[in-house]
Amino acid sequence: MRIATWNINGIKARLGLLLTWLEQEKPDIVGLQEIKSVDEGFPRAEIEALGYNVETFGQKSWNGVALLSRLPFDEVHRGLPGDDSDEQARLIEGVFSIEQGVVRVCNIYLPNGNPVDSPKFPYKLAWMDRLATFCEKRLALEEPFILMGDFNIIPAPIDAHDPEAWWGDALFRPESQERFRALLNLGLRDGLREVTDEASYTFWDFQAGAWRRNNGIRIDHLLLSPQAADRLEMVKVHRDVRGWDKPSDHVPVEGRFTL
DNA sequence: ATGGTCGAACGTCGA
């Protein structure tokens, strides 16, 4: 089974790119972030025509996440528990039946948190604390569970081409990194780090020739429960997609599993 | 070293 995460940065501007990639790669499950669309505006028919079931959790202009799956959805959950006043669409989870039982895939768009002297940074940290509580409950199920998405976290200096430039940024702040490690310390595994110790970026800014200079960062992750990590075959960062016409600033990251 | 780019939506925010 092939499961991918991709911050698409606007589904309307990126539909052609997405369809081309889906036809080429034929992943089983895809989590999209930053669809920047309400549910009614999401181009579901075009994606369904390629054989995918589509579930969205959209919002006007900003944020928004979606799950695409060749398997039918047994369950869908929208929103991160723990704060009824949080109206930002940043989490959608699907549960799917497989031969050996189930696989649970949670797709997130974690808050960016910049600027750090604004309310956005404490919102990010509180969101991550809520996410840890959520993951604790998911891990207790002892299922193959994949938490994937745009985490807006650079876990370590090797995950940035120019780590000095990110000093003080919400993506690199110790408060952010320690909460990312807290997820790992619950028992989740960093999928990419299961397969390589090398630098492997997933985002290159649109500005200042970042792609041309390979000035990238790794902020899109697949975190795996032990039951999912046991079945991990490989993780592939589809970096070639960053060089396609009208790309997103993020590329797809795919995990392959013997599920 | 500095200024630089996108998307959504039509002014300006968010990244």
To the nearest angstrom, the CG-C1' distance between A/Asn9 and B/dA9 comes to 14 Å
query: Would you say A/Arg2 has more than 12 foreign heavy atoms packed within less than 6.0 Å of its CZ?
result: yes
Taking every heavy atom of A/Val102 against every heavy atom of A/Val95, the minimum-distance pair comes out as CB-CG1, 4.1 Å
Of B/dA15, B/dA9, B/dC6, the nucleotide closest to the side chain of A/Ser61 is B/dA9
Query raised in the report: At under 4.0 Å, does any side-chain N or O of A/Lys12 touch on OP1 or OP2 of B/dG7?
Result: no
note: A/Glu34, atom CD; B/dA15, atom P; distance rounded to Å ~ 7 Å
From CG of A/Asn63 across to P of B/dC13 the rounded distance in Å is 16 Å
In whole angstroms, the gap separating P of B/dT5 from CG of A/Asp249 amounts to 14 Å
To the nearest angstrom, the CD1-C1' distance between A/Ile35 and B/dG7 comes to 13 Å
Ranking A/Lys120 and A/Ile11 by the position along DNA chain B of their nearest nucleotide, the one closer to 5' is A/Ile11
Output for pair (A/Asn53 CG, A/Leu68 CG), nearest 0.5 Å, gives 9.5 Å
Exercise. When the P atoms of B/dG7 and B/dT2 are considered, how many whole Å apart are they?
Worked result: 28 Å
Considering only the P atoms, how many Å lie between B/dA15 and B/dA9, rounded to the nearest integer? 15 Å
- Does B/dA9 have OP1 or OP2 sitting under 4.0 Å from an N or O in the side chain of A/Lys36? no
Quiz prompt | Atom P, compared across B/dG4 and B/dA8: separation rounded to whole Å | solution = 23 Å
Of the listed B/dT5, B/dG7, B/dA15, the closest approach to the A/Arg90 side chain comes from B/dA15
Of A/Gly10 and A/Gly209, the one whose nearest nucleotide on DNA chain B sits closer to the 5' end is A/Gly209
Separation of B/dG7 atom C1' from A/Tyr109 atom OH, nearest Å, is 11 Å
*How is A/Ala13 classified with respect to the nucleic acid when contacts are heavy atoms under 4.0 Å: base, sugar-phosphate, or nothing?*
sugar-phosphate
Only one of A/Gln33, A/Glu93, A/Glu55 passes side-chain hydrogen bond (donor to acceptor under 3.5 Å, both in side chains) with A/Asn107, and that residue is A/Gln33
Problem - A/Trp21/A/His238 under ring-ring contact (aromatic ring centres under 6.0 Å, His included): CA gap, chis, key distance, verdict - result: CA-CA 10 Å; A/Trp21 189 75; A/His238 289 255; 5.1 Å; yes
Rounded to whole Å, NE2 of A/His250 lies from P of B/dT5 at a distance of 18 Å
Heavy atoms only, 4.0 Å cut-off, all strands: where does A/Leu171 land among base, sugar-phosphate and nothing?
nothing
A/Gln207 CD to B/dG4 C1', in whole Å, measures 5 Å
